[in-house]
Amino acid sequence: MLFNSYEFLFFYLPTVLAGFYALRRHRSDLALAWLALASLFFYGWWNPKYVLLLLVSVGFNFLAGRHISLMPQGSKGRRWLLAGSIAVDLVVLGYYKYANFFVRAVNDLSGAHWGFEEIVLPLGISFFTFTQIAFLVDAYRGRAREYRFMPYLLFVTYFPHLIAGPVLHHGEMMPQFSRDPGGRRIADDFATGFTLFLFGLFKKTVLADGIAPHAQQLFSAAQSQPPMFLESWTGALAYTFQLYFDFSGYSDMAIGLSLLFGIRLPVNFDSPYKATDIADFWRRWHMTLSRFLRDYLYIPLGGNRCTPWRHGLNLFVTMALGGFWHGANWTYLAWGALHGTYLVIHHGWRSLRRRARWGADPASRPARWAGRLLTFLAVVFGWVLFRSDSLTTAGGILRGMLGLNGLALPAGLEDGALGDYLAAEGWKFSESPLLHGAGPVLWIAVLLLVSVAMPNTNEIFARFRPGLNGARVGSHEARFWQWRPDRAWALLSIVVGVAAVCAISGLSEFIYFQF
């Protein structure tokens, strides 16, 4: 079931809300149980047989975590149980997500013809696996405090985050499930959450889905013929903003939905295209995944408490594995390795500047804008790998972006005296739909303006703090755009909501559903 579907909007969500608040008037634990069962129904709507897999995973990790917490600190058995439990989780994840990939890779390298039944990837398996690995490690470190099964079941299966994140921490969610809701300002939470949900729905159905066909044209055509310069950049930028508003929209919708139940999820998205360097980008993009990779992979590898060479290796390995987490394809591994290389270069450059004491002031406005432009271009090149079906397709597009496939002008310029002159000068003309009319360029210009010049939803709703670790009221522009529960904002929300609902057409999954 999709957040951007009529079944969810007009059947599932109203039913779950009504049942939750009706039960909560009598007993809060019954309301939580209702929410957990509703989350299982939400997951089972896609494929009921995988609900059993989810329940087995939840039961196994709950028992393992509870047993780990009861064992003596520092004991060998405690360490072995942690390692074994994590290994089981990774084996299950590896089977469903990577088995077909490795069999194909072995066949390609060896010329063998091993057969393997095609495995359907369970939705959200990466997210609920990582969430539970974090719980096991927190139990081992003594940071997990709550060990009741029903709150744990809800913690893992909670439907606003189950399919595409954020990756949750046991310690930030369990206190909310146990908290007495008597002092909550339900009206404020409901108004804030519902408005934020509508904003996220608008981002998905109007902005992301609106630009998506232009991105699809490039990546489909590039499978058969390498694109030239203009169409490569137009399609790559189209996907850059499709992914941005698709994931930003989901993040807003998840936080807004959760707030309807009085539960705050961690902020997962914070204007990443405003980042001034690549490290800043990863502090803003998929923030909870970055936190997980930092706390449970990068720091255990040694973090930056080692030699510069080892520090660079830790960064590279962390990002390469983070890229491969996204999917069983060489392109994801290459994307992660590319970002690992970016981070190594970034940290090396910072170290060099600090030692040499030269270069422009990084806090100056020209330096910040130069950093933003360079970071944005680096990210766009990375998204080509992320989106392509193969390294061959990605290579063709990247060569096109560098001008190595030639430069072709829009076919519309072919007519008239100007066209005759350009043809005589040896210019080529492309029939690519991406270069027909001003539609793609206008879409890209509008979405660029929204993503880098306007305050984000964390800033707009900062006064009501809908997400954990959200923005505070900051700059003058942010204060001007602050959301308030008044008539003007209500009217805007209605317009945005109607436009978002009317733009729903067919099945349009969120991009991160496939991970």
Side-chain angles (χ1 to χ4, degrees), residues 36 39 53-71 73 78-94 97 122 124-149 151-178 251 254-255 258 263-269 282-283 285-301 303 314 317-319 321-322 324-326 467-469 512 515:
S39 297
L53 172 67
L54 177 59
L55 288 174
V56 170
S57 175
V58 168
F60 169 78
N61 283 282
F62 173 76
L63 293 174
R66 187 173 183 181
H67 196 61
I68 288 171
S69 70
L70 297 175
M71 298 177 75
Q73 287 279 357
R78 184 183 175 100
R79 290 194 297 271
W80 276 107
L81 181 56
L82 172 68
S85 301
I86 293 176
V88 170
D89 284 330
L90 293 179
V91 166
V92 173
L93 177 63
K97 195 164 186 174
I125 188 171
S126 297
F127 290 99
F128 68 70
T129 299
F130 273 27
T131 293
Q132 295 189 99
I133 288 176
F135 162 70
L136 293 174
V137 176
D138 287 348
Y140 177 81
R141 293 173 176 173
R143 296 176 182 174
R145 305 295 182 187
E146 173 67 68
Y147 291 98
R148 290 182 297 155
F149 180 72
Y152 180 80
L153 175 64
L154 179 58
F155 159 66
V156 177
T157 63
Y158 189 40
F159 76 89
H161 96 99
L162 177 60
I163 303 300
V167 179
L168 301 182
H169 271 208
H170 190 264
E172 64 193 5
M173 300 306 297
M174 288 303 193
Q176 296 191 72
F177 296 152
S178 303
S251 299
I255 291 176
S258 186
I263 299 169
R264 283 169 164 76
L265 295 180
V267 173
N268 206 27
F269 201 89
W282 280 105
R283 287 190 290 267
W285 179 276
H286 209 330
M287 297 156 66
T288 58
L289 177 62
S290 298
R291 177 181 65 176
F292 179 91
L293 294 174
R294 180 198 66 199
D295 293 347
Y296 301 102
L297 184 57
Y298 171 69
I299 291 177
L301 285 173
N314 293 341
V317 170
T318 298
M319 295 308 299
L321 291 176
F324 200 45
W325 168 85
H326 283 80
L468 298 175
N469 305 316
Y512 263 74
F515 307 138

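None of these values were measured; they are calculated from a predicted model.
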I'd like to check [X] versus [Y] (side-chain heavy atoms, cut-off strictly below 4.5 Å). Are they in contact?
X	Y	result
V92	V56	no
I255	S251	no
S85	F60	yes

Donor-acceptor pair, side chain of [X] and main chain of [Y], under 3.5 angstrom:
X	Y	value
N268	M287	yes
E172	L468	no
Q132	A134	no
R291	V167	yes
H161	S258	no
R78	I68	yes
S69	A139	no

Working to the nearest 0.5 Å, report the span between [atom1] of [X] and [atom2] of [Y].
X	Y	atom1	atom2	value
T288	D295	OG1	CG	11.0 Å
I163	S126	CD1	OG	11.5 Å
Y296	F130	OH	CZ	12.0 Å
M174	L154	CE	CG	8.0 Å
T318	N314	OG1	CG	6.0 Å
L55	L153	CG	CG	6.5 Å

Evaluation steps, ring pair (Phe, Tyr, Trp, His ring centres under 6.0 Å), between Y152 and F149: CA-CA 5 Å; Y152 180 80; F149 180 72; 7.1 Å; no

Can the ring centres of H170 and F155 be said to be less than 6.0 Å apart? yes

Taking every non-hydrogen atom, the tightest pair across [X] and [Y]:
X	Y	value
L168	T131	N-OG1, 3.6 Å
L293	G322	CD1-CA, 4.0 Å
L265	P166	CD1-CD, 4.2 Å
I263	M173	CG2-CE, 3.5 Å
S57	N61	O-ND2, 2.8 Å

Check the surroundings of atom CZ in R143: do more than 12 heavy atoms from other residues, nucleotides or ligands lie under 6.0 Å from it?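 Counting neighbours around CZ of R143, 12 or fewer heavy atoms of other residues, nucleotides or ligands fall under 6.0 Å, so no.
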
Show your reasoning for whether side-chain contact (heavy atoms from CB on, under 4.5 Å) applies to F128 and T157. CA-CA 8 Å; F128 68 70; T157 63; over 6 Å; no

Could you walk me through whether F135 and H169 satisfy the ring pair (Phe, Tyr, Trp, His ring centres under 6.0 Å) test, starting with their C-alpha distance in whole Å, then the side-chain angles of each, then the deciding distance to 0.1 Å, before giving a yes or no? CA-CA 7 Å; F135 162 70; H169 271 208; over 10 Å; no

Should W325 and F127 be marked as a ring pair (Phe, Tyr, Trp, His ring centres under 6.0 Å) after you check the CA-CA gap, both sets of side-chain angles, and the distance that decides it? CA-CA 10 Å; W325 168 85; F127 290 99; 5.3 Å; yes

Could you tell me if T129 and D89 have a donor-acceptor pair between their side chains, going purely by distance under 3.5 Å? no

Can you label the angle between the W285 ring and the Y512 ring as parallel, tilted or perpendicular, going by 30° and 60°?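 The rings of W285 and Y512 sit tilted, inter-plane angle from 30° to 60°.
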
Determine, for Y140 and R79, whether the Lys NZ or Arg CZ falls below 6.0 Å from the six-membered ring centre while staying within 45 degrees of the axis. no

